[in-house]
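Input: a single structure, listed below in structure tokens.
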Protein chains: 2
Amino acid sequence: MNKKQPVYLKLFETISHAILDGKYKDGDLLPSVRAFASTQGANPLTVAKAYQLFQDRGLVTVKRGVGLFVANGAVQKLRNAERQNFIDNSWPEISKHMHRIGIELSDLIEQEG
Amino acid sequence: MNKKQPVYLKLFETISHAILDGKYKDGDLLPSVRAFASTQGANPLTVAKAYQLFQDRGLVTVKRGVGLFVANGAVQKLRNAERQNFIDNSWPEISKHMHRIGIELSDLIEQEG
DNA sequence: TGCACTGTATTATGGCACTGATGCACTATG
DNA sequence: CATAGTGCATCAGTGCCATAATACAGTGCA
């Protein structure tokens with residue numbers, strides 16, 4: 001239903017996925033605000049807004065004048081947070097919706113192959 | 001991540017659920033714009049906007065000056081559309097996300113009891 | 001020291017979606 | 001015809017988002 005997402009949230013997801021997929025590990029230097037903005041075709045301030053979300057969660061360490069680094073233990077921390085959020089928030093509603101429209105978990109398993 | 005939903009989409013969901021749950025069947029008269037707005041604490045125009053979505057999908061029949069009626073076969077049509085949308089759009093992304101954060105379907109089955 | 005690179009703060013602007021108030025067109029009823 | 005109930009179109013206000021132009025502060029290196 002709702003597919004439209006603000007750019008800064010899309011960027012946040014892009015970076016999150018990169019971290020979860022192992023592209024950036026603990027201590028790694030993230031792309032600079034301006035560089036990442038350039039590759040993504042976005043505004044530097046929008047990228048900064050996305051990075052700000054990581055700072056708010058303590059997932060990156062800022063070295064002013066140098067760049068942003070993936071904080072110690074951030075990869076695991078991010079994965080745990082995502083898992084907890086999925087279990088607590090996303091899944092219950094998904095499960096409800098599935099039940100309402102008559103789709104069971106067993107109907108989905110076969111597609112995993 | 002994104003929990004905020006416009007009021008008119010919430011109303012759309014509320015009505016959809018009522019129809020899927022059998023509260024309104026084919027041919028039934030839906031609550032009037034003003035009446036539903038009153039019970040939901042919303043603006044009549046916002047309700048009208050939600051109802052508009054049903055018209056766009058051909059799920060309701062408008063009798064100007066009388067009210068909106070659930071169209072013929074709309075219940076089944078709505079259920080099928082929701083199922084198809086879930087299978088084609090929602091589930092693939094959910095599945096991807098689950099795989100990314102390391103949650104398998106089998107991890108969720110036991111909570112269904 | 002000078003330079004080029006980092007992130008950040010400020011202010012302003014335009015666009016867009018959502019919401020709200022009013023009034024109009026239509027219909028059933030008496 | 002009169003009335004009260006429908007849905008609906010038009011206009012305006014609000015807030016979030018994205019972008020922009022600058023300026024500032026910190027760092028690494030020649």
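The shown structure was predicted, so the numbers you read here are calculated from the model rather than taken from an experiment. Note on naming: letters A, B, ... go to the chains in the order of the sequence lines (proteins, then strands), and numbering restarts at 1 for each one. The figures here come from the full heavy-atom set of this structure, side chains too, leaving out hydrogens, waters and symmetry mates.
B/Gln52 places its CD atom 15 Å from the C1' atom of D/dT10, with the value rounded to the nearest Å. Regarding B/Leu53, its CG atom lies at a distance of 15 Å from the C1' atom of D/dG7, rounded to whole Å. When rounded to the nearest whole Å, the span between CG of A/Leu29 and P of D/dT27 equals 15 Å. Here C/dT6 presents its P atom at 14 Å from CZ of A/Phe36, a figure rounded to the nearest Å. B/Lys49 places its NZ atom 14 Å from the C1' atom of D/dC8, with the value rounded to the nearest Å. Atom NZ of B/Lys10 and atom P of C/dC18 are 12 Å apart (whole Å). B/Leu68 places its CG atom 11 Å from the P atom of D/dT6, with the value rounded to the nearest Å. Distance B/Gln40 CD to C/dC18 P: 18 Å, rounded to the nearest Å.
For B/Pro6, the listed nucleotide lying nearest its side chain is C/dT19; candidates were D/dC8, D/dC17, C/dT19. Of the candidate nucleotides C/dT19, D/dC8, C/dT8, C/dT8 has the atom nearest to the side chain of A/Gln55.
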Within the 4.0 Å limit for protein heavy atoms, which parts of nucleotides 20-30 of chain C are touched? Write it as a string from 5' to 3', B for base, S for sugar-phosphate only, - for none. BBB--BBSS--
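Looking only at side-chain heavy atoms (C-beta outward), A/Leu9 and A/Glu13 stay at 4.5 Å or farther from each other. The shortest distance between side-chain heavy atoms of B/Asp88 and B/Trp91 does not fall below 4.5 Å. Residues A/Arg79 and B/Arg100 are not in side-chain contact: their nearest non-hydrogen atoms beyond the backbone lie 4.5 Å or more apart. In this structure the side chain of B/Val70 never reaches within 4.5 angstrom of the side chain of B/Thr61, judged on heavy atoms.
No donor-acceptor pair under 3.5 Å is formed between the side chain of A/Arg34 and the backbone N or O of A/Pro44.
As judged by a 4.0 angstrom heavy-atom cut-off over every strand, A/Tyr8 is placed among residues touching the sugar-phosphate backbone only.
Residue pairs that meet the ring pair (Phe, Tyr, Trp, His ring centres under 6.0 Å) test with at least one member in residues 26-52 of chain A, sequence neighbours left out, do not exist here.
Partners of B/Gln55 by side-chain contact (heavy atoms from CB on, under 4.5 Å), not counting sequence neighbours, listed by chain and number: B/Gln52, B/Val60, B/Val62, B/Leu68.
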